[in-house]
Enquirer: 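This is the structure I want to talk about, given as C-alpha cells.
Both backbone and side-chain heavy atoms feed into the values below; hydrogens, waters and symmetry mates do not.
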Amino acid sequence: MEAIQSWVSEHKLTSVGALWASAVGASLAYSRAKSPLKPSLRLIHARMHAQALTLAVLSGAAAYHYYEQRSTEAQNNN
C-alpha cells in the first residue's frame, strides 16, 4: 500500500487522468447496458459523470496534499 501511495504522490496528474478515463469507460459501459439513449447522449453523460468524479478526486488530492505538507512541517519543527 505504501508503494502505491508513493507512486500516486509522485504522479498526481497521471493518476487523475487514468481515473478519469476509467470513469468514462465505466459510465459508457453502464449506460450502454441500462439506457436506451443515443450514443452521443451516452457520451455526454459519461463525460459528466467522469468530470464529477474527477472533481471529487482532485478535492481529495488537495486535502491529502495539505495533510501531507502539514505533517512534514510539524516533523521539521520538532
Enquirer: Working to the nearest 0.5 angstrom, can you tell me the gap between Ser27 OG and Met48 CE?
Expert: 9.5 Å

Enquirer: Do the side chains of Thr14 and Trp7 get nearer than 4.5 Å, heavy atoms only?
Expert: yes

Enquirer: When rounded to the nearest 0.5 angstrom, what distance separates CD in Gln5 from CD in Glu68?
Expert: 9.0 Å

Enquirer: Flag yes if Val24 and Leu53 sit in one hydrophobic cluster, no otherwise; membership is Ile, Leu, Val, Met, Phe, Trp, Tyr, and two members link when side-chain heavy atoms are under 4.5 Å apart.
Expert: no

Enquirer: Measure from the side-chain N and O atoms of Ser31 to the backbone N and O of Leu28, and report whether any donor-acceptor pair falls under 3.5 Å.
Expert: yes

Enquirer: Between the main-chain N or O of Leu37 and the side-chain N or O of Arg42, is there a donor-acceptor pair closer than 3.5 Å?
Expert: yes

Enquirer: For the NE2 atom of His11 and the OG atom of Ser6, what is their distance to the nearest 0.5 Å?
Expert: 9.5 Å

Enquirer: Would a distance-only check, ignoring hydrogens and angles, find a side-chain to backbone donor-acceptor pair under 3.5 Å from Thr54 to Ala50?
Expert: yes

Enquirer: Would you say Tyr30 and His49 make side-chain contact, with heavy atoms under 4.5 Å?
Expert: no

Enquirer: What are the two closest heavy atoms between Trp20 and Gln51, and how far apart are they?
Expert: NE1-N, 4.0 Å

Enquirer: Hey, is CG on Leu13 packed in by over 12 heavy atoms from elsewhere, all under 6.0 Å?
Expert: no

